[in-house]
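The basis for the numbers below is simple: all heavy atoms, side chains too, and nothing from hydrogens, waters or symmetry mates. Throughout, protein chains are lettered first and strands after them, A, B, ... in sequence-line order, and every chain is numbered starting at 1.
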Amino acid sequence: MVKIENVVGSGSLGVEFDLESVSADLGSIAEYDPDKYPGMYLRFDEDAPLITVYRTGKYIITGEDSKDEAYSTRKKFLHHLAENGMISTPADDRFQIQNIVCTADLERSLNLNALAIGLGLEKTEYEPEQFPGLIYRSPDFDSVILLFASGRVVITGSPDLDSAEQTFSILSHEIADILNIN
DNA sequence: TAGTGTGTTTCTTATATAGGTCGTATCC
DNA sequence: GGATACGACCTATATAAGAAACACACTA
């Protein structure tokens, strides 16, 4: 079972913003400190996902746990800008999901040293002194996989859930083969 | 050598994972 | 004061974005 933990999407509104005045107009939902970072942060609620808006009109949505919710947040964001007269509607913002972070569980503990050898040393990085997880990069996948001794798995870099599920399925079979051989 | 131009790196945000370290709090 | 417990934060991964700070190459 692959579960989405974070979705990152980006778009471009094709208009330039004066972030100083935009943040002043939007009030408490906006946070802008150009000395700290050139982007303006926008959050509709305390636990809501974060929207980072740039001077060029480009923006990033992070912190959603599904693709649909990311699109829903984008819709709310565009509606809010239109309501405040900052953009015209309908806006063609070329919004795209860029990255999905997923977790999964192999439901068995793993010997990461053995797994690094089995999966191929050229495709894996495992330095437990530096980081407790094994990093697996296969040319067969779009994404990068982090494997932990507990059997928990993090899949990151996927453009969609189908791709992450496919990656996890292939990985599960590869690991099963390795463990059966050993 | 100084100035300019280009390219690279770092910063920030979200999120899971887990081991290690560090600081703070509580108890004896 | 010492021991233990707990939380926070660091490490790494992907991804977008813009700006600043660098490093390096080239020309005058």
Atom CE of A/Met40 and atom P of B/dT12 are separated, to the nearest Å, by 19 Å
Hey, does the side chain of A/Asn6 reach the backbone of A/Gly63 with a donor-acceptor pair shorter than 3.5 angstrom?
-> yes
Contact class for A/Ser158 (heavy atom, under 4.0 Å): base, sugar-phosphate, or nothing?
-> nothing
Give a yes or no on this: more than 12 heavy atoms of other residues, nucleotides or ligands lie within 6.0 Å of atom NZ of A/Lys75.
-> no
Pair assignment for DNA chain B - dot-bracket with | for other-strand partners, Watson-Crick or G-U under 3.5 Å | ||||||||||||||||||||||||||||
Evaluate whether atom CD of A/Glu174 has more than 12 neighbouring non-hydrogen atoms of other residues, nucleotides or ligands under 6.0 angstrom away.
-> yes
Please determine if a side-chain N or O atom of A/Lys3 lies less than 4.0 Å away from the OP1 or OP2 oxygen of B/dT15.
-> no
For A/Ser150, answer base if it contacts any base atom (sugar-phosphate contacts may also be present), sugar-phosphate if it contacts only those atoms, and nothing otherwise; contact means non-hydrogen atoms under 4.0 Å.
-> sugar-phosphate
B/dA14 C1' sits how many Å from A/Phe77 CZ, rounded?
-> 16 Å
Any sub-3.5 Å donor-acceptor pair from A/Ser169's side-chain atoms to A/Glu165's backbone N or O?
-> no
Just how far, in rounded Å, is C1' of B/dT21 from CD of A/Gln130?
-> 15 Å
Its 5'-most and 3'-most nucleotides having an atom under 4.0 Å from a non-hydrogen atom of chain A, DNA chain C is contacted over C/dT11 to C/dA19
Heavy-atom side-chain contact between A/Asp25 and A/Met86 under 4.5 Å = yes
In terms of the angle between their ring planes, are A/Tyr59 and A/Phe77 parallel, tilted or perpendicular, with boundaries placed at 30° and 60°?
-> tilted
Counting any heavy atom closer than 4.0 Å, what does A/Thr156 reach on the DNA or RNA strands: base, sugar-phosphate only, or nothing?
-> base
If you check every side-chain atom of A/Tyr37, which of B/dT13, B/dT12, B/dT15 has the closest atom?
-> B/dT12
Decide whether A/Leu19 and A/Leu13 are clustered together by the hydrophobic rule: side chain heavy atoms of Ile, Leu, Val, Met, Phe, Trp, Tyr closer than 4.5 Å, transitively.
-> yes
Have a look at A/Val101 and say if it touches a base, only the backbone sugar-phosphate, or nothing, with a 4.0 Å heavy-atom cut-off.
-> base
Sugar-phosphate only, base, or nothing, as touched by A/Thr52 at under 4.0 Å among non-hydrogen atoms = nothing
Any link between A/Val144 and A/Leu115 through a network of hydrophobic side chains (Ile, Leu, Val, Met, Phe, Trp, Tyr) touching at under 4.5 Å?
-> no
Answer yes or no: does atom CD of A/Gln166 have more than 12 heavy-atom neighbours from other residues, nucleotides or ligands under 6.0 Å?
-> no
Indicate yes or no for a side-chain donor-acceptor contact from A/Asn99 to the backbone of A/Gly157 under 3.5 Å, with no hydrogens or angles considered.
-> yes
What integer distance in Å separates A/Leu106:CG from B/dA18:P?
-> 12 Å
Separation of B/dT15 P from A/Ile97 CD1 (nearest whole Å) | 15 Å
Position toward the 5' end of DNA chain B (nearest nucleotide), A/Gly151 or A/Lys36 = A/Lys36
Residue whose nearest DNA chain C nucleotide is more 5′ - A/Ser10 or A/Pro132 = A/Pro132
How would you label the contact of A/Glu125 with the nucleic acid (heavy atoms, under 4.0 Å): base, sugar-phosphate, or nothing?
-> sugar-phosphate
Rounded to the nearest Å, what distance is computed from the CZ atom of residue A/Phe131 to the P atom of nucleotide B/dT21?
-> 16 Å
Send over the distance from A/Arg74 CZ to B/dA14 P, rounded to a whole Å.
-> 22 Å
Between B/dA14 (P) and A/Lys67 (NZ): distance, integer Å | 23 Å
Pick base, sugar-phosphate or nothing for A/Leu146, based on heavy-atom distances below 4.0 Å to the nucleic acid.
-> base
For A/Tyr59, which contact category applies under a 4.0 Å heavy-atom criterion: base, sugar-phosphate, or nothing?
-> nothing
